[in-house]
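Naming convention: chains lettered A, B, ... in sequence-line order (proteins, then strands); numbering from 1 in each chain.
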Number of protein chains: 2
Amino acid sequence: MKETVKNIINTIYPISNQAFGAIEKLLKFETYSKGDTFISRNKRNEKEYFALKGISKSYLINPDGDEITISFFLENSILSLHSIRTSNNISNLYFKALTDIELASINAKKFEQLMIENIEIRNFANTVLQNELISKVEKEIGLASLSAKERLIEFRNKYRLLENLIPHTDIASYLGITNISLSRLRKDLMN
Amino acid sequence: MKETVKNIINTIYPISNQAFGAIEKLLKFETYSKGDTFISRNKRNEKEYFALKGISKSYLINPDGDEITISFFLENSILSLHSIRTSNNISNLYFKALTDIELASINAKKFEQLMIENIEIRNFANTVLQNELISKVEKEIGLASLSAKERLIEFRNKYRLLENLIPHTDIASYLGITNISLSRLRKDLMN
DNA sequence: GCTTGCCATTAACATTTGTTAATAAGCGGT
DNA sequence: ACCGCTTATTAACAAATGTTAATGGCAAGC
């Protein structure tokens, strides 16, 4: 499991074994079942997470009570950074397991300290931050300037297998359309 | 002008005079004319900015050649953080002056060093980061779950005076609609 | 004062997307 | 294997938004 974390990090920004050692010592492991909301909006959260197994999403609930998907998180990736998803250690988003999942976690405060002390870890974290922000801007552009059909095509390129693994309702709200529209577009794109 | 920068900072996250002194020493001042693109995508940029006067926008250009507005920046605020808008000191976005503008700037590398050395400045910067990210998520939610009319109403609440100061084309692309649709919604909301 | 160019509005029509409701299909638990 | 629940599809219609094109207003420069 620790090896998996190391691979995740090195895929994003390779760091030395010494630098990884400092992280490794702080790792904890957690599992959740499909459907579990493991981070709640307005609740305390003080962790950084590595996604080892399974699929999860971040989401919000709109005034109608519907879940609006913000992002998906696949295996072998970093869950949205603590600094991006919390304010004063209070979560701004919900996170839910869409399948059974395994996470590695690390105390965010301690991780921040590692960033300050160690330039490799700082560079790694900044790379993660960059990637996440670029992804957000890309999604923003998509929502602002593409048709729903084009957004679905982009989604398929970015998350090749997801469409067959998770409820379409989650995908539809991510794309900013209803699940009925998604169904129509799927049919349309079959030809 | 330096006093204005101090006020901007203190409105976001109050810092001591000593902490501000470290920033103050590094400030430079710049002015641009209405229509100037002062940061270009794929070009080098190594600065943090304070917006002292005037209005600007960040944008991208889509495959059709249209400018898509990402964000607006008002007087007495922080321009999008360097860490959010660049990768390896290369800008991911264009920035354009929508009126004549005055900016204060500071070298991003030096500012990052101040963040590492000084917890007040780090807290200030993290607050700015938080605010910007929350704003991005809010916009994302809006695009994904509100109608164009509702988005216009939200826009008017967030940027009260902007609608009468800048071209509607810029607002329309920010809202993810055509300027014709914007015109229709404006008429509709008059009743 | 006139012209030029840019931008906002309006109209007419086409297309996309939403809404409601009925049906079908898949899936988990017993 | 069956039942019951959730989710996906389809249809019919309504509403929202896009497209193209024509019109009008307004400000900058001559």
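- Residue Ala104(B) comes nearest to Val5(B) through the heavy atom pair CB-CG2, 3.7 Å, listed as atom of the first residue, atom of the second, then distance.
- If you check every strand for non-hydrogen atoms under 4.0 Å, Arg186(A) touches sugar and phosphate atoms only.
- As a whole-Å value, the separation of Ile153(A) CD1 from dT16(C) P is 12 Å.
- Checked for salt-bridge contact, Lys28(B) and Glu30(B) miss the test: no charged N lies under 4.0 Å from a carboxylate O.
- Here the CZ atom belonging to Phe155(A) is positioned 14.5 Å from the CG atom belonging to Leu146(A), to the nearest 0.5 angstrom.
- Of the residues in residues 137-152 of chain B, those placing a heavy atom less than 4.0 Å from an atom of DNA chain D are Ser147(B), Ala148(B), in numerical order.
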Distance-only criterion, 3.5 Å: show the donor-acceptor pairs between side-chain atoms of residues 33-43 of chain A and protein atoms not counting sequence neighbours.
residue: Asp36(A); atom: OD2; partner: Ser33(A); partner atom: N; Å: 2.9
residue: Thr37(A); atom: OG1; partner: Tyr59(A); partner atom: OH; Å: 3.1
residue: Arg41(A); atom: NH1; partner: Asn92(A); partner atom: O; Å: 3.0

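- Residue Asn179(B) is the one, among Arg184(A) and Asn179(B), whose nearest nucleotide of DNA chain C lies closer to the 5' end (criterion: closest heavy atom).
- The shortest non-hydrogen separation linking Lys139(A) to Thr69(A) is NZ-O, 3.6 Å.
- When rounded to the nearest whole Å, the span between CG of Leu165(A) and C1' of dC27(C) equals 15 Å.
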CA sep, side-chain torsions, deciding dist, call: Phe73(A), Phe95(A), ring pair (Phe, Tyr, Trp, His ring centres under 6.0 Å): CA-CA 10 Å; Phe73(A) 301 96; Phe95(A) 283 74; 5.7 Å; yes
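- Taking every heavy atom of both residues into account, Ile68(A) and Ser145(B) meet most closely at CD1-CB, 3.6 Å.
- Listed by chain and number, the residues in a side-chain contact (heavy atoms from CB on, under 4.5 Å) with Glu120(A) are Ile15(A), Ser16(A), Ala19(A), Asn118(A) (sequence neighbours excluded).
- Within 4.0 Å (heavy atoms only), Leu182(A) reaches no atom of the nucleic acid at all.
- The structure places CG of Leu182(A) at 5.0 Å from CD1 of Ile177(A), a figure rounded to the nearest 0.5 Å.
- Atom CG of Asp188(A) and atom P of dT15(C) are 13 Å apart (whole Å).
- First and last contacts of DNA chain D with chain B, using any nucleotide atom under 4.0 Å from a protein heavy atom and ordered 5' to 3', fall at dT17(D) to dT20(D).
- No more than 12 heavy atoms of other residues, nucleotides or ligands sit less than 6.0 Å from atom CG of Asn88(B).
- Applying the salt bridge (charged side-chain N to carboxylate O under 4.0 Å, His left out) rule to Lys57(A) yields the partners Glu67(A), Asp170(A); only residues at least two apart in sequence or on another chain are considered.
- Contacts between residues 168-178 of chain A and DNA chain D, counted as heavy-atom distances below 4.0 Å, involve His168(A), Thr169(A).
- Both Ile166(B) and Ile180(A) lie close to DNA chain C; mapped to their nearest nucleotides by heavy-atom distance, the more 5′-ward contact belongs to Ile166(B).
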